[in-house]
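Structure, as structure tokens:
Small disclaimer: the values here were computed from a predicted structure and weren't measured. Naming convention: chains lettered A, B, ... in sequence-line order (proteins, then strands); numbering from 1 in each chain.
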Amino acid sequence: MSDQNQPDNLYAMRHSLAHIMASAVQHLWPDVKLGVGPVVENGFYYDVDLGGEQLSADDFPRIEAEMQKIIKAGEPFERLEMPVLDAIDWARKYGQPYKEELLNDLQRAGTTVAKDLDMDMLGVAAEGDSKVEAVSFYRNGDFTDLCRGPHAEATNKVGAFKLMRVAGAYWRGKEGNPQMQRLYGVAFATPKELRQYLDMLEEAKKRDHRKLGQELDLFVISDLVGPGLPLFTPRGTVLRNELVKFSEELQRSIGYEEVWAPHMTRIELYKKSGHYEKYPERFDVSSTESDDQFMLKPMNCPHVAQIFASRPRSYRDMPQRYMETTTMYRDEKSGELHGLSRVRALTQDDSHAFVRHDQIEDEMRGILSIVKQMYLTLDMPLSVDLSFRDEQDKYFGDPRLWEEAQATIEKVAKEEELNYKIELGEAAFYGPKIDIYVSDALGRRWQCATVQLDFVQPERFELEYTDQDGQMKRPAMVHKAILGSIERFLSVYIEHTAGKFPVWVAPEQIRLISVNQEEKTVEFLNTIVAQSRGLGLRVGVDNSNESVGKKIRAAELSKVPYTVVLGEKEISGAELVPRIRKDLVVSEEAKRYTIQEFLKTVANEAKSRVSKTSL
RNA sequence: GCCGACAUAGCUCAGUGGCUAGAGCGGCUGUUUUGUAAACAGCGGGUCGUGGGUUCGAAUCCCUCUGUCGGCUCCA
């Protein structure tokens, strides 16, 4: 998606580079058929059709060299306008069928098929203008392209760029269309910014959760079990469980109660909820003894709705707040799967509250406050989109109800001092929602938490309660997830921390290293291990027959927060200086501890979930 | 699902038509009894992802399938 928020000059630079790249490709492959070449986040791309010839990264130096030539030439970008019909002739004459198609659409409908990326490339005078008579072109040197602009003044005013990759892309994003090759470049105003961006990518590669998951022994994906179905090792399971435990504690603190539903259901549930037909990712259970057809649950709401519906509810019973951390199954297309971030079995810290309309505000406030607590603890800044309806009539339910709900949501967001912006038209058809984004240590934004108001499912399942006046009323449903998919969140969190987890989540909090393997040393270590476990600490022991140096190194590589070497001195009661992982900022001069003091301090630190260290 | 690349030991990788497929790390065994980022020696460990083909001969070339990676598309 093109980013219209970037500064105009940078936008123009990137846009100009797209033209320069297309021009370079045309110099090298004169028969190239050009598609579109918009600006994207951090750079630009151009879709090209080389009639069967495949580009690869090996071609980049050539293309880049040609681009540099054009840049050096300092060709001015000239804007020209011509009538649509002349433009169509032009496209035909120069053998540019894709451009011709765009122009024909423009002429006929005044727009191309609604994709932002198409819009960028067109000489559309005004969006929604149903009668386009003239279109604009930009020309630099021997290259002319249909384009709305804007552009840099000349080809030598385009900052720093680098070609990154080439990938297949369907013409106009439609599967049935011919596949073109999309050449991607990144570009920044200065070489320094480009360098910083490339460094960030490098750092991201080092932190890739798939790599760290392997190195730190957190999860595995087995071909026999299947793609998209990660298995969690003991270490990885600690991470999951600690995060989930915290999420559940927070939810309990605002009145949520745990419920449980089996992982499969008769498909009738989803026929009634209206999801069945619209949900191609479902996993059907193909053979069962009974005549019933079953499927694995792809979500939880229809299930818990049955709990609500199981008995008459009074206005006094409201809200009913159900939470469950449970796994659901979605048959993602094979090309979509990616480490932990896109899987087929995903576990959500899900909850559903059935609320009276006058309770929406309190519920939202409670949820937003625990979301804030969660991400404050995890040391990740939040930003929030309030996804509201626009004027279209695709939305379900009474517009007045929506208006009230949206006003409530915004009020709460303000009171909770959230950094929010309103996105009109982004609401789900069933209700407005709050999309919560977290930023990681590399400045990347991820959507994890979400709060959604739902007016539809209570309707579908005919949920109701008896109000004060004896009338039956329909509740609203509030869906929320704090971490979202635990698997996906872990992918973000592993990369955010680079595997250096704070003590409360660390799979191994303390590594004990023996100086030697003499009997009394081993005995001493065993005593300390027992004491640590008594305090609820997760300790690892290394009394292998290796040098202390090597054992220290192993502990460092596994990113254990605290490492303690135990030998003669400690046995005879000496204080110890724990080795503290470097990212854990030590507030004062490293204190000396007796072993017992040290263990207690770490146990308290874990309990209070501090992100740095209290040593 | 589509386009492209890739798949060699637990891990990281070398080997691109010619003897019995290699290295480092990890593992195991022994020597050593170690004090804050790698002691020394030895030993195991691979149907070169799967199935087929070409060839006197295939890890190496071709095809199929599976999986992985980068994108596209999708994420109600």
Side-chain angles (χ1 to χ4, degrees), chain A residues 35 40 45 47 49 52-58 115 117 164-184 205 208 210-211 214-217 220-228 270 273-282 298-299 301 330-339 341-343 346 394 396 427-430 433 447 452 454 456 484-485 488 511 513-522 542-558 562-571 574 576-582:
Chain A
V40 290
Y45 69 79
D47 284 346
D49 178 350
E53 185 175 342
Q54 277 299 334
L55 286 174
S56 79
D58 299 338
K115 273 262 171 186
L117 57 90
M164 296 301 282
R165 59 179 71 96
V166 57
Y170 299 107
W171 167 236
R172 303 177 101 173
K174 285 213 203 91
E175 257 180 68
N177 283 344
Q179 192 145 20
M180 310 186 69
Q181 299 189 69
R182 179 164 297 177
L183 271 166
Y184 280 92
K205 215 165 155 188
D208 189 318
R210 293 165 299 186
K211 182 168 172 271
Q214 149 85 287
E215 286 171 7
L216 302 178
D217 189 23
V220 291
I221 292 170
S222 149
D223 283 358
L224 280 176
V225 175
Y270 281 84
S273 76
H275 290 111
Y276 190 77
E277 299 304 332
K278 281 189 278 175
Y279 206 85
E281 287 87 25
R282 64 173 196 273
M299 63 192 81
C301 12
R330 298 178 181 182
D331 189 11
E332 302 290 353
K333 291 184 204 165
S334 58
E336 304 302 327
L337 301 171
H338 179 90
S341 40
R342 198 74 183 267
V343 292
L346 56 124
K394 62 179 180 180
F396 179 93
F429 74 92
Y430 51 77
K433 55 184 183 159
Q447 195 202 326
Q452 309 190 354
D454 185 348
V456 169
S485 150
R488 185 178 129 90
R511 173 79 54 94
I513 290 178
S514 62
V515 171
N516 58 42
Q517 295 178 296
E518 284 163 12
E519 200 177 319
K520 65 176 176 180
T521 314
V522 174
D542 189 348
N543 65 348
S544 60
N545 181 14
E546 298 288 353
S547 66
V548 171
K550 187 161 181 177
K551 291 194 267 193
I552 293 281
R553 182 178 143 85
E556 287 281 343
L557 291 176
S558 53
Y562 302 119
T563 304
V564 175
V565 178
L566 297 174
E568 198 61 45
K569 286 188 259 173
E570 288 74 17
I571 297 174
L576 52 90
V577 184
R579 195 182 162 97
I580 302 168
R581 201 178 59 206
K582 289 198 181 61

Taking the nucleotide of RNA chain B with the closest heavy atom to each, which residue, A/G549 or A/N516, is nearer the 5' end? A/N516
Between B/rA59 and B/rG17, how far apart are the two P atoms, rounded to whole Å? 13 Å
Nucleotide opposite B/rC43 in a Watson-Crick or G-U pair, distances under 3.5 Å: B/rG27
Between B/rA41 and B/rU60, how far apart are the two C1' atoms, rounded to whole Å? 36 Å
May I have the distance from A/L183 (atom CG) to B/rG71 (atom C1'), rounded to whole angstrom? 12 Å
With respect to the phosphate group of B/rC3, does any side-chain polar atom (N or O) of A/R182 fall under 4.0 Å of OP1 or OP2? no
Quick one: do the A/K551 and A/S514 side chains pair a donor with an acceptor below 3.5 Å? yes
Figure out the CD/C1' separation between A/E281 and B/rA76, and round it to whole Å. 8 Å
In whole Å, what separates the C1' atom of B/rC61 from that of B/rC25? 33 Å
Rounded to whole Å, how long is the line connecting atom CG of A/D208 with atom C1' of B/rC11? 16 Å
Rounding to the closest angstrom, what is the interatomic distance between B/rG46 and B/rA23 at atom P? 14 Å
G-U wobble or Watson-Crick pairing nucleotide for B/rC48 (cut-off 3.5 Å, both distances): none
B/rA39, OP1 or OP2 - any side-chain N/O from A/S547 closer than 4.0 Å? yes
Spacing of A/K333 atom NZ relative to B/rC75 atom C1', expressed in whole Å: 10 Å
Whole-Å P distance, B/rC48 and B/rC40: 33 Å
How many Å lie between CG on A/L337 and P on B/rU68, as a whole number? 7 Å
Determine the interatomic distance between P on B/rG71 and the same-named atom on B/rG53; round to the nearest Å. 38 Å
Going by purine N1 to pyrimidine N3 plus the second Watson-Crick contact, or the G-U wobble pair, all under 3.5 Å, which nucleotide sits opposite B/rC75? none
I'd like the P distance from B/rC2 over to B/rA58, given in whole Å. 32 Å
Strand partner of B/rA37, provided both Watson-Crick or wobble distances fall under 3.5 Å: none
When you measure from the side chain of A/R488 to the backbone N and O of A/Q447, does any donor-acceptor pair fall under 3.5 Å? yes
Touch class at under 4.0 angstrom, heavy-atom based, for A/Q517 against every strand present: base
Under 4.0 angstrom, heavy atoms only, what part of the nucleic acid is A/Q214 near: base, sugar-phosphate, or nothing? sugar-phosphate
Given the P atoms of B/rG45 and B/rA7, what is the spacing between them in whole Å? 25 Å
Pair partner, B/rU68 [Watson-Crick or wobble, under 3.5 Å]: B/rA5
Is any side-chain nitrogen or oxygen of A/K551 closer than 4.0 Å to OP1 or OP2 of B/rA39? no
Does the base of B/rU33 carry an N or O that pairs as donor and acceptor with the side chain of A/N545 under 3.5 Å? no
